[in-house]
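Note that the structure is a prediction, hence the values are computed from the model and not measured. A, B, ... follow the sequence lines: proteins, then strands. Residue 1 opens every chain.
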Amino acid sequence: MTAIVNAMGPVAAYRRIAVFGGVYSNALALEATLEDARRRDVEAVFCLGDMGGFGPHPDRVFPLLRAAAVLSLQGNYDESLASGRDDCGCGYTDPRDNHFARISYAYTFAHTSAENKAWLGSLPRHRRVQLGGSSVLMCHGSPRGVNEFLWESTTPNGLLRRLFRDHAADVILCTHTGIKWHRALPEGQHLVNVGAIGRPENDGSPRVWYALLTAGCELEVEFVPVRYDHSRLARQMDAEGLPPEFAETVRTGWWTTCLESLPARERARGRF
Amino acid sequence: MRDMVPVLEARGTRVPSAPFVRFSTLWVQVTGTWCNLQCVHCLNASGPRDPWLKPLCAERVRHAIRESEALGVKDIYFTGGEPFLHREILPLLGFALAAAPTTVLTNGAAISEATVAALASLARDAPYSLEIRVSLDDVDPEGNDRVRGRGAWARAVLTIRRLHAHGLLPIVAATEDPGGEGQVGPGLYGRLRDFLVGLGIDKPRVKILPLFPVGRLASRGGDLLSEEMLDGFDRARLQCAEARVVADGGVYACPILAGLPGARLSAGDLEESFRPAPLSHPGCVTCFETGMTCRNA
């Protein structure tokens, strides 16, 4: 890593980075992801937020993030936990989604230490870095909203052009939806939703995903699958009394909750 | 018909407004208030005869979509009236889908098997999601038809089945207490989900809307918002802070207020309408109190 000055001021410059989002209290997947990234010659690892929610023992992820010097952002869940809000701020409008979101948030809030909540409160909302010739903006939901969903099938190119222009970026990295995707515009800008490592992406496989970005003549974007001991995680969730629907997702790779925010095309790919 | 809706006017006190935050959603009032049904709770008093708000010509719709795409719109919604009465609805949906994810709101009563097949083809070929939202107010035919008209239930359910059979995932939209009889129960959402599962729909999608004191129920009146009521409330959360509606005669901030003279923000230009919207209608109280959104999610 070197420091350079670009149009946005002084920023860190990299050649190769690993980026993930949506840890969702999945310490086992986080460990496996960090180990995998270390083997791939990355100069830095970034997390786009939402450390808690869904999984068991939320405090277990924080020592791992700190020990690996992961450069983290604040997601909507982190913001809610840090500020003591009474809901996760996920942006759901459906009663069933909100029912499970409430259970998840109450558990996570009760089991996250005050020290870790304060750490979440100290995280930035955005980060900018330089990756080769590209100015990269990292955010949680979108550059303009921490809980804005950017799904592949509902993010039009006209909106992307506006986001790149308004936020002076060549590359935007986000998460929040839990399903990865990448689109390069003809003009050369890239939107990369890095997906989530805390929950499988509704494809019938328990694996999770993170993204590798490498500078070159063209930006290289690679999504990396991560396998971890998902059965152990599911057992921990059962033991903590979390909804069986959550553990079922971990075991099968199919989403059973948070389904109503899915657009038609993404919903059609799942089982439920 | 305009006389049936409260006129928006200052009443000696300052009318509160919603800020314009950004342009995310384009609503197209494609058939105005022309509809094949005449529901007792209709938000804009639509019906089969002499629509007080005229349908839009196809070129006006295409112009609005082109303008919206250049402005970075996130999603497009077609409403009315009944959008499927517009003779160019399918090409217009195709045009919209080339620009952004598109939703069409329908009562399902004018959609043939051939139309469903054409919609499935559009959905398959489009770069973005096509959503079809079908109104159904009750799992019970009698309860539904009491507010939506005789035969409406059967035709809507047939359309829901056909959409499902073609791999489309319709969103079923229901109004709570559509008869305005104070029979608001918590179970409508669950009943509709169970009903859809019973039809063999394995991915049931349900949206519940509150009852608004507008359109055919406007005579019930209601309170207006005041600055005092809005004190401390984040007005940027109101959907009129980021939506605009193209209808006959102008651009509006809210789909259910389209056509009302006091709600018009511009004569037709979208960018000109990017200014604060007055919150001076009883329907604004419903949005404020329920936090509802007309968007899918």
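Of the atoms belonging to B:Arg295, not a single heavy atom falls under 4.5 Å from chain A. Proximity to chain B is absent for every atom of A:Leu259, based on heavy atoms less than 4.5 angstrom apart. Heavy-atom distances place the backbone of B:Leu71, and not its side chain, under 4.5 Å from chain A. Looking at A:Arg161, neither its backbone nor its side chain comes within 4.5 Å of chain B, counting heavy atoms on both sides. In this structure, chain B has a heavy atom under 4.5 Å from the backbone of A:Phe149, while its side chain stays farther away. For B:Asp75, no part sits under 4.5 Å from any heavy atom of chain A, backbone or side chain.
Ranked by heavy-atom pairs under 4.5 Å with chain A, the first of B:Leu169, B:Ile171, B:Leu130 is B:Leu169. Most heavy-atom pairs under 4.5 Å with chain A, from the set B:Met292, B:Lys207, B:Arg22: that is B:Arg22. Ranked by heavy-atom pairs under 4.5 Å with chain B, the first of A:Leu160, A:Asp94, A:Leu262 is A:Asp94. Each of A:Gly270, A:Gly158, A:Ser261, A:Pro95 has some count of heavy-atom pairs under 4.5 Å with chain B, and the biggest count is that of A:Pro95. Between chain A and the options B:Pro170, B:Gly167, B:Ala126, B:Ala99, heavy-atom pairs under 4.5 Å are most frequent for B:Ala126. With chain B as the partner, the residue from A:Glu260, A:Arg144, A:Glu152, A:Arg165 showing the most heavy-atom pairs under 4.5 Å is A:Arg144. The candidate with the highest count of non-hydrogen atom pairs below 4.5 Å against chain B, out of A:Arg271, A:Glu266, A:Arg265, is A:Arg265.
Nearest heavy atom pair, residue A:Cys88 against residue A:Tyr77, reads CB-CE1, 3.4 Å. Contact record, B:Asp137 with B:Ala173: OD1-O, 4.4 Å, taken as the closest heavy-atom pair.
Without hydrogens or angle criteria, B:Thr159 side chain to B:Gly108 main chain gives a donor-acceptor distance under 3.5 Å. A donor-acceptor distance shorter than 3.5 angstrom exists from the side chain of A:Thr256 to the backbone of A:Glu245, with no hydrogens or angles considered. Checking side-chain atoms of B:Glu67 against main-chain N and O of B:Asp269 turns up no donor-acceptor pair under 3.5 Å.
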TODO: Could you check B:Tyr77 against B:Trp27 for ring-ring contact (aromatic ring centres under 6.0 Å, His included), going step by step and ending with a plain yes or no?
DONE: CA-CA 5 Å; B:Tyr77 287 73; B:Trp27 285 83; 4.5 Å; yes
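Note on A:Arg251 versus A:Asp238: salt bridge recorded, some NZ/NE/NH1/NH2 to OD/OE distance being below 4.0 Å.
Between A:Asn157 and A:Arg183, the side chains place a donor N or O and an acceptor N or O closer than 3.5 Å (distance only, hydrogens not considered).
A distance of 10.5 Å separates OG of A:Ser25 from CZ of A:Phe246, quoted to the nearest 0.5 Å.
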